[in-house]
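Atoms considered below: every heavy atom in the structure, side chains included; atoms not considered: hydrogens, waters and symmetry mates. Note on naming: letters A, B, ... go to the chains in the order of the sequence lines (proteins, then strands), and numbering restarts at 1 for each one.
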Amino acid sequence: MPKQGTPTRRRAGATPLRDLLVAHWDHKMTYWRIEGHPYPFEQALKSGADVVVDAGRLADALAHAGQAADRFDNGGADAGRVWLLGADDTLTLIDDRHVADLGQREFDELVAGLGTSRTLAWDADDPQAAVAAYAALTAAIRVAMG
Amino acid sequence: MADRVKVPRDLGEHGRALYRQVVREVADAAMVLTSTEEFWLHSAAEMNDRAAELREELRDAPKMVRGSQGQDVINPLISEWRALHLAINLTLARIKLPDAEAGDGLQDIIKINRANPQRAGANKRWRGASA
C-alpha cells in the first residue's frame, strides 16, 4: 500500500491492463477457441501491438480480475466507448474522426477482433488477411489520432 | 520523475508544498502543465499560504465574536478560511491531473489518454516532436 499522498507510480515497462486482458482472453478461449484459427485481437494483444478494446471487453476483464468494472459496464461513465490500447498500456478514445473511412460493419468486426470466423467484410477465405487487415486498420486509427 | 521542482519564490511554506506535490504528480505522469494550469496552481498555492495563516490565527481565537448589533456571530476568519479552502479545491480541480477521475481503485491499471490539445502542444514544445 503506497504511503498516502505519494503519487502511485507504475513500474517502467509494466502493462497491467494488457496483462489483465490477456488473462481474461485466455480464460474465455478455454471454452470457445477454434483450434488453428488466428484471432486478430489475440495476436495484436499478445504481441504488444495496438489493439482495439471496447468498454464491454474492459468490464469483463476487470470483473474477471476481481476489479471494479462499474465505470465500463452498462450505465457507467465510460460505457459504450471504444479505445485503442497502445504498446505503452494507455487507452486512447476512438471517436468518429478516427474511423471516418470505416463502415459500421467493418468497425464492429474490428472491435470484435475475431477474424474470419465471423467476418463478412474481410476476406473470409484467408484468415491471415483478416489479421493483416486488423493491423492495418489499427495503424490507420493511430495515424488519425495524430 | 522530476528530482527538483522549480517552485515560485513568492510562495510560503504551505504553498510551496502544494505546488511541489502537484508538479511532481504531473511530472511522474510524463506530462507538463500548460501556462494556464501553472497560473491556476500558483493561485491555489498562494491561497494555501493564506489559509495556513488564517488557521494559525484561529488557533487561539474565539469561535464566536460579537456582531455589529451586539449579537453573537461566527468568527469571520472561519468563514474566510472555509471560502479559501473551497476556492483552492475548485482551482485545483481545473488542473487535469492524471487519473483525477479515477476513484475506483483502477488508477494503477487503467491509464486513459484524455484528449488535451493544449497539453499535447506543451509536451511537444518542451519534450520535442517525439513527445
Same cluster or not: [X] versus [Y], using hydrophobic residues (I, L, V, M, F, W, Y) connected whenever any side-chain heavy atoms lie under 4.5 Å apart?
X      : Y      : result
A:I141 : A:V143 : no
B:L90  : B:L84  : no
B:I74  : B:L58  : yes

Handout entry: B:Q71 atom CD: more than 12 heavy-atom contacts under 6.0 Å
Key =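 Count over threshold, so yes.
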Practice task
Side chain from CB out, backbone as N, CA, C, O: work out which of these in A:L62 comes under 4.5 Å of a heavy atom of chain B, or both, or neither.
Solution key: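 Contact with chain B involves the side chain of A:L62 alone.
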Handout entry: Distance in Å, B:I112 CD1 paired with A:L58 CG, rounded so as to fall on 0.5 Å steps
Key =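 These two atoms lie 8.0 Å from each other.
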Handout entry: Closest approach of B:I109 to A:L17 (non-hydrogen atoms, all atoms of both residues)
Key =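 Shortest heavy-atom separation between B:I109 and A:L17 comes out as O-CB, 3.5 Å.
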